[in-house]
Amino acid sequence: MAAARGVSYLLFVLTVSLCTGKQNYPTISHLKEEGIDNDSEEPNEPPDQLIGDFGNFESKRLRTDSKKRFKCLSCEPPDCSGLTECHDALQCWKSRVRDSDGVERVSRGCTTVPDHVPFICGSSSKSGHTKRHTGGQYAMDCCEGDYCNNGSFPYLANANFVEKVPHDVSNIGYIVKLALAILGPVLALGAIGTIVLFLMRRTHRKRLMAARAMADHDPFYASDEVLRATAAGDSTLREFLDRSMSSGSGSGLPLLIQRTLAKQISLAECIGKGRYGEVWRGVWHGENVAVKIFFSRDEASWNRETEIYSTVLLRHENILGYIGSDMTSRNSCTQLWLVTHYHPLGSLYDHLNRTTLTHHQMMKICLSAINGLVHLHTEIFGTQGKPAIAHRDIKSKNILVKLNGSCVIADFGLAVTHVQSTGKMDVGSNPRVGTKRYMSPEVLDESINLDCFESYKRVDIYAFGLVLWEVCRRTVSNGIAEDYKPPFYDLVPSDPSFEDMKKVVCVDQQRPIVPNRWASNATLSGMGKLIKECWHQNPNVRLSALRIKKTLVKLASSDVHVNLDLDS
Ligand code: ADP
Ligand code: MG
């Protein structure tokens, strides 16, 4: 180790002297010419610690001091031209140095200062030695004897080797080993991770493709996996639709199938145009479905309605049956679809415009509609419970008539939910407001307490009172029925403003007129009374949905013309 440092030092001296033209640094020749007995002040003397490394350096010097002196040949690098002699040498030497650029220089000289002997010739004074160094390579032959440093210069290993390995090989080996030790495990772990990820993705993709392929063929012929994730269970499309028809709405199709809905449905005809988009009749696997296509600017309504329809336990025979939602891109335009059961008779508004009603038909409509509203307003407790929901846009256009003459409540874009145990009310983030014609006095004069869920239910009841009025006008008694008219038809213009409605409903406290002919019929007069309790100016005294239902059941049971199964 110490010898190696000495050699490094020597090589440094040699290299610097050769590269710099030996102007500033003493070289071996300088040592020979100038510093023979200037040993202690030597500027390039190895540092203290280096000397300290040479264990018996002092004793060696004492030994060399008393040694025999020789005459040696001396010549200058690079080509050893101008041969001279040097005297009083402790050792003669000849050297060959190859710098890092591969340029070789040869020289001869002698060592006269005992302290320099270990640096120049190492511990073995007679034998030659070679050394590679980061800056180059050298070979040095030292000898004792007059002119013993004549003859050929020492051999130096192939320069190519040095060029190829410019750094200390042992260091490089160490660095490589170290790098391998650190990088090896990291790379191995990375490779294993990549393979695992790749395999997982491939499996996932395969499953997805399989499920989609099956869904394309028949959504309910899908893999077990898909079906198990659904409320639909193992059923065919027809069974699913039938069950949905009878049991009403719920959480809809499995999400995976919902995502492919738009691709599978062909739109047949536009059946409704609302403020928030269009409703189309579509055909899905041979079945008619209703497709509500929202304007992309009304994403909040689509979101809200999808959210509400996905509510656990919402499915009910008097809530529009939900099939699924899909967000698709057509002609680079985002389309938001909400797919529900299709009801060819359309809305109650359409139905009342088309036809008059018997008492039986009127009661069926009113009872089924209030059944839907009771289900909506009622919270079902338990872990798999259902929140209470207020609709906030009850009107005859948002109630659909089924072929059997009963109704379902539709259009949940504005709904609010409430969970009693947590007190949490979710009003959604829809900027949409209810229909002005059906707005209650407290909404119009903005006295409504928006933080109280009960307020929203009372708003629904007010609007439901107006719907009952629309229905009863079309109910024949004594062979007579009124024309279809929307509420306040005689008091406000066709598209009333907020102010128009406020003046009529809040300031003048007007309500639709209850026709005189109703008084002559027990059921209709009972209905008139009920309706007035629904649209009362004071929200707190309005009836609850459940109370309305009970009153209707009572009226229906005492009407001989009504033949309904009233037990449910
Ligand atoms: P909007 O949010 O634009 O008011 P709705 O859901 O109320 O949309 O639907 C608008 C109209 O489209 C309804 O009044 C009704 O005439 C028709 N419609 C909606 N859904 C159906 C359906 N499932 N079956 C038949 N007609 C429907
Ligand atoms: Mg609507």
Side-chain angles (χ1 to χ4, degrees), residues 241 244-245 248-250 252-253 261 265 267-284 287-309 314-326 335-355 365 368-369 372-373 376 390-415 428 430-439 459-460 463-464 466-467 470-471 484 486-487 495:
L241 288 177
S244 305
M245 293 278 192
S249 194
L253 280 178
L261 265 180
I265 294 173
L267 299 177
E269 59 175 325
C270 183
I271 51 172
K273 268 196 171 110
R275 271 173 301 165
Y276 310 100
E278 292 177 348
V279 180
W280 284 69
R281 177 174 67 83
V283 180
W284 185 49
E287 309 277 348
N288 280 321
V289 290
V291 182
K292 186 165 170 178
I293 304 176
F294 292 75
F295 301 130
S296 54
R297 64 159 193 270
D298 204 42
E299 194 175 332
S301 273
W302 176 79
N303 260 327
R304 190 60 179 163
E305 210 163 349
T306 299
E307 211 168 54
I308 296 289
Y309 272 124
L314 181 67
R315 191 165 285 279
H316 187 273
E317 61 180 318
N318 302 119
I319 302 289
L320 177 59
Y322 173 63
I323 295 174
S325 296
D326 198 358
Q335 282 202 350
L336 308 165
W337 283 26
L338 187 122
V339 185
T340 60
H341 296 168
Y342 169 68
H343 297 293
L345 295 181
S347 68
L348 180 59
Y349 171 86
D350 300 329
H351 190 60
L352 295 177
N353 268 283
R354 258 191 321 254
T355 177
I365 287 171
S368 57
L373 195 62
L376 211 58
H391 187 283
R392 292 177 73 203
D393 198 13
I394 291 287
K395 60 177 177 178
S396 54
K397 285 185 179 171
N398 285 340
I399 296 172
L400 304 175
V401 182
K402 295 204 264 188
L403 284 171
N404 68 3
S406 65
C407 292
V408 292
I409 296 178
D411 195 351
F412 292 91
L414 253 187
N430 194 351
R432 171 182 162 181
V433 290
T435 307
K436 291 180 206 95
R437 189 180 291 275
Y438 289 81
M439 275 180 184
V459 166
D460 280 353
F464 191 76
L466 296 177
V467 173
E470 288 172 78
V471 174
Y484 175 79
D495 185 15

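Start at 1 and go down the list; that is how both ligands and their atoms are numbered. What you are looking at is a predicted structure, and each value in this text was computed from that prediction instead of being measured. All residue numbers refer to positions in the sequence shown, counting from 1.
Here the heavy atom of the protein found nearest to atom 16 (O) of ligand 1 is D350 OD2, 3.4 Å. Scanning all protein heavy atoms for the shortest distance to atom 24 (N) of ligand 1 gives H343 N, 3.1 Å. Of the protein's non-hydrogen atoms, the one nearest atom 1 (P) of ligand 1 is D411 OD2, 3.4 Å. In terms of protein heavy atoms, atom 3 (O) of ligand 1 is closest to G274 CA, 3.1 Å. If you check which protein heavy atom lies closest to atom 13 (C) of ligand 1, you get K397 O, 3.5 Å. Closest protein heavy atom to atom 19 (C) of ligand 1: V279 CG1, 3.6 Å. Of the protein's non-hydrogen atoms, L400 CD1, 3.5 Å is the one closest to atom 21 (C) of ligand 1. What sits closest to atom 5 (P) of ligand 1 on the protein, heavy atoms only, is K292 NZ, 3.5 Å.
Below 30°, between 30° and 60°, or above 60°: for Y349 and Y484 the angle between ring planes is above 60°, a perpendicular geometry.
From D326, atom CG reaches atom OG1 of T306 across 10.0 Å, with rounding to the nearest 0.5 Å. Rounded to the nearest 0.5 angstrom, K395 NZ and L466 CG are separated by 12.5 Å. Within the model, atoms CG of D350 and NE2 of H343 stand 13.0 Å from one another, a figure rounded to the nearest 0.5 Å. Separation of atoms NZ (K292) and OG1 (T340) is listed at 8.5 Å; rounding is to 0.5 Å. Annotation: the span from L314 atom CG to I308 atom CD1 amounts to 8.0 Å, rounded to 0.5 Å. Taken to the nearest 0.5 Å, the NZ atom of K273 stands 4.5 Å off from the CD atom of E278.
For A410, no heavy-atom contact with ligand 1 is shorter than 4.0 Å. Contacts between K273 and ligand 1, counted as non-hydrogen atom pairs separated by less than 4.0 Å, are absent for every part of the residue.
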Under the side chain to side chain contact (heavy atoms under 4.5 Å, CB included) rule, what do L267 and W337 come out as? Steps first, then yes or no, please. CA-CA 11 Å; L267 299 177; W337 283 26; 3.9 Å; yes
Could you please spell out the steps behind the side chain to side chain contact (heavy atoms under 4.5 Å, CB included) verdict for H341 and L400? CA-CA 10 Å; H341 296 168; L400 304 175; over 6 Å; no
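Every atom of ligand 1 is numbered from 1 in the order shown, and the set under 4.0 Å from a heavy atom of A290 is 22 (C), 23 (N), 24 (N). For ligand 1, the atoms lying closer than 4.0 Å to a non-hydrogen atom of T340 are 23 (N). The distance from ligand 1 to the heavy atoms of G272 drops below 4.0 Å at these ligand atoms: 12 (O). Heavy-atom proximity to H341, at under 4.0 Å, picks out these atoms of ligand 1: 22 (C), 23 (N). Atoms of ligand 1 found under 4.0 Å from any heavy atom of I271, numbered from 1 in the order shown, are 25 (C), 26 (N), 27 (C).
Within the 4.5 Å cutoff, the side chain of V291 has no heavy atoms near those of the W284 side chain. Taking 4.5 Å as the limit, some side-chain heavy atom of V283 sits within range of a side-chain heavy atom of N288.
Inclusion of T435 in the first shell of the Mg ion (ligand 2) is not supported: no N, O or S atom falls under 2.8 Å. For D393, every N, O or S atom stays at 2.8 Å or more from the Mg ion (ligand 2).
N398 contributes a side-chain N or O that, together with a main-chain N or O of D393, makes up a donor-acceptor pair within less than 3.5 Å.
Taking any N or O of N398, backbone or side chain, at least one lies under 3.5 Å from an N or O belonging to ligand 1. Annotation: E305 places no N or O atom under 3.5 Å from an N or O atom of ligand 1; distance criterion only.
The minimum distance between the Mg ion (ligand 2) and any N, O or S atom of D411 involves atom OD2.
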